[in-house]
2 protein chains.
Amino acid sequence: MTLERTVMREQIKELIIQRILDGTYKPGDRVVELQLVNELGVSQAPVREALRDLKAMRFVDSEPYRGARVRAVTAEELSETYPVRARLEQLAGELATPCVDDKLLRQLDAELQAMRTAARDRDQHGLLIHDARFHELIVEAAGNSVLLDAWSGLRIEVFTLVSLIKSNLDLAAVANAHLPILDALRQGDPDLVGKEMRAHIESFADLVTGDQR
Amino acid sequence: MTLERTVMREQIKELIIQRILDGTYKPGDRVVELQLVNELGVSQAPVREALRDLKAMRFVDSEPYRGARVRAVTAEELSETYPVRARLEQLAGELATPCVDDKLLRQLDAELQAMRTAARDRDQHGLLIHDARFHELIVEAAGNSVLLDAWSGLRIEVFTLVSLIKSNLDLAAVANAHLPILDALRQGDPDLVGKEMRAHIESFADLVTGDQR
DNA sequence: TCACGGCAGATTATCGATAATCAATAGTCT
DNA sequence: AGACTATTGATTATCGATAATCTGCCGTGA
């Protein structure tokens with residue numbers, strides 16, 4: 001995974017993702033192939049392939065002969081993501097519980113502490129990173145690669161960021177909302193972990209989509 | 001969707017998928033770019049792009065400079081798919097129930113009848129198509145595009161086919177297993193529909209993976 | 001014999017150029 | 001004026017060729 005840093009397509013892909021996440025490319029913006037070709041001094045082929053990957057990752061939309069546009073994270077898609085994510089993470093919690101070990105608990109605890117630190121520093125981006133990683137650790141621990149793929153496809157980072165921005169939540173509260181999950185994992189009750197994870201996601205769904213109705 | 005039949009990449013993609021599904025390309029087989037280039041009389045670019053799409057669709061695996069191979073549908077991946085699919089379809093059933101109308105019920109009934117016909121004719125492939133379409137109709141009816149994407153990523157057709165082959169199930173029984181779902185939909189109880197769909201998937205999981213332990 | 005280095009052959013990744021297609025605008029006819 | 005067609009500029013899709021990389025095989029030397 002780290003051995004392929006020489007493949008141009010990957011570098012281009014990461015550059016574009018970075019620009020989408022940091023706002024250089026805004027939703028709806030066109031991503032023009034030749035423009036990147038000129039800017040980066042590469043050929044069109046790797047740029048095209050990068051864009052193709054990004055389409056599969058749902059970062060951009062594209063149609064034949066019409067090019068790629070940064071996908072808007074619509075309120076609709078945001079609210080549609082929550083129920084799917086809630087069910088997948090519920091399953092992840094149930095599957096992961098029998099597999100928890102001290103190492104995982106330590107890692108989760110470290111992410112939680114990092115979230116608290118980020119919250120104290122008003123560091124939205126930092127909170128986002130560690131929040132996403134906390135959940136990812138659990139999904140990985142479930143040991144089901146199909147589940148991991150499906151979950152990864154939801155682009156949690158993007159939506160978590162939007163959630164954070166839309167809801168004027170207290171960052172510390174967001175961080176601490178992960179505590180019940182960690183506690184449940186320590187208890188080792190799969191169904192409880194699943195319920196906590198599902199409730200965790202659904203509570204955010206309510207907060208973010210609730211104020212729009 | 002049907003207007004882009006002139007884009008070569010799409011045609012190549014469908015050709016390869018067809019060959020994977022009908023067994024021309026077997027799991028583990030290499031899919032060599034230049035070989036297709038010569039055979040189809042096209043350039044390398046569209047072949048590469050087709051393969052890139054297929055990788056995103058998990059039909060093939062590929063690594064830089066090492067090419068693409070048809071992804072083996074391992075028993076492990078098969079059994080990992082079931083729980084994920086079960087939860088997603090449970091959610092789909094719950095969401096779809098309030099949206100049920102006569103048209104949908106008619107379509108579902110038509111697919112069910114088609115499954116029965118296929119079963120009578122010992123037509124595994126036909127059963128597979130209509131089985132997949134039955135489920136797809138419900139997931140579409142849920143009206144959640146994120147859910148639809150996540151579900152589509154599971155490549156139901158592939159796994160249903162493998163399931164059918166591995167389990168020496170009576171095809172008619174497979175067809176009729178969809179009846180409780182249709183009944184529940186007619187009753188209009190979301191939770192019941194969800195439960196039926198989940199149970200439907202999980203029963204197949206037991207049948208297919210059960211005999212391997 | 002066996003480990004090692006390095007040369008083919010095969011294959012993928014990238015390039016630069018051309019063809020195909022699209023979107024917008026100008027021009028023509030009624 | 002309004003509707004319709006032709007042209008043009010911009011962009012994507014495809015091509016054919018070259019560079020980069022991998023894999024297996026062969027000879028060499030201990």
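Keep in mind that this is a model prediction, so the values were computed, not measured. Just the heavy atoms: all of them, side chains too, but no hydrogens, waters or symmetry mates, feed the values below.
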Could you check how far [atom1] of [X] sits from [atom2] of [N], rounded to whole Å?
X: B:Glu33; N: C:dA13; atom1: CD; atom2: C1'; value: 8 Å
X: B:Asn38; N: D:dC15; atom1: CG; atom2: C1'; value: 14 Å
X: A:Glu63; N: D:dT11; atom1: CD; atom2: C1'; value: 14 Å
X: B:Lys13; N: D:dA13; atom1: NZ; atom2: P; value: 12 Å
X: B:Tyr65; N: C:dA10; atom1: OH; atom2: C1'; value: 15 Å
X: B:Leu51; N: C:dT11; atom1: CG; atom2: P; value: 14 Å
X: B:Glu10; N: D:dT14; atom1: CD; atom2: C1'; value: 15 Å
X: B:Met8; N: D:dG16; atom1: CE; atom2: P; value: 10 Å

Between A:His135 and A:His200, how do the two ring planes meet: parallel, tilted or perpendicular, split at 30° and 60°? tilted
If you count heavy atoms of other groups shown closer than 6.0 angstrom to CD of A:Glu39, is the number above 12? yes
Exceeds 12 heavy-atom contacts within 6.0 angstrom, atom CD of A:Gln107: yes
Check A:Met115 against A:Ala175 and note the closest heavy-atom contact, atom names and distance. CB-CB, 3.7 Å
According to a strict under-4.0 Å criterion, is [X] in side-chain N/O contact with OP1 or OP2 of [N]?
X: B:Arg48; N: C:dT12; result: no
X: A:Arg52; N: D:dA13; result: no
X: A:Arg66; N: D:dT11; result: no

Under 4.0 Å, counting only non-hydrogen atoms across every strand here, what does A:Glu49 touch: a base, just sugar-phosphate, or nothing? nothing
Given D:dT14, C:dC15, C:dT11, identify the nucleotide with an atom nearest to the side chain of A:Ser43. C:dC15
Candidates D:dT14, D:dT12, C:dT12 - which lies nearest the side chain of B:Val7: D:dT14
Are the aromatic rings of A:Phe134 and A:His130 close, with centres under 6.0 Å apart? no
Between B:Leu34 and A:Val42, which residue's closest nucleotide on DNA chain C lies nearer the 5′ terminus? B:Leu34
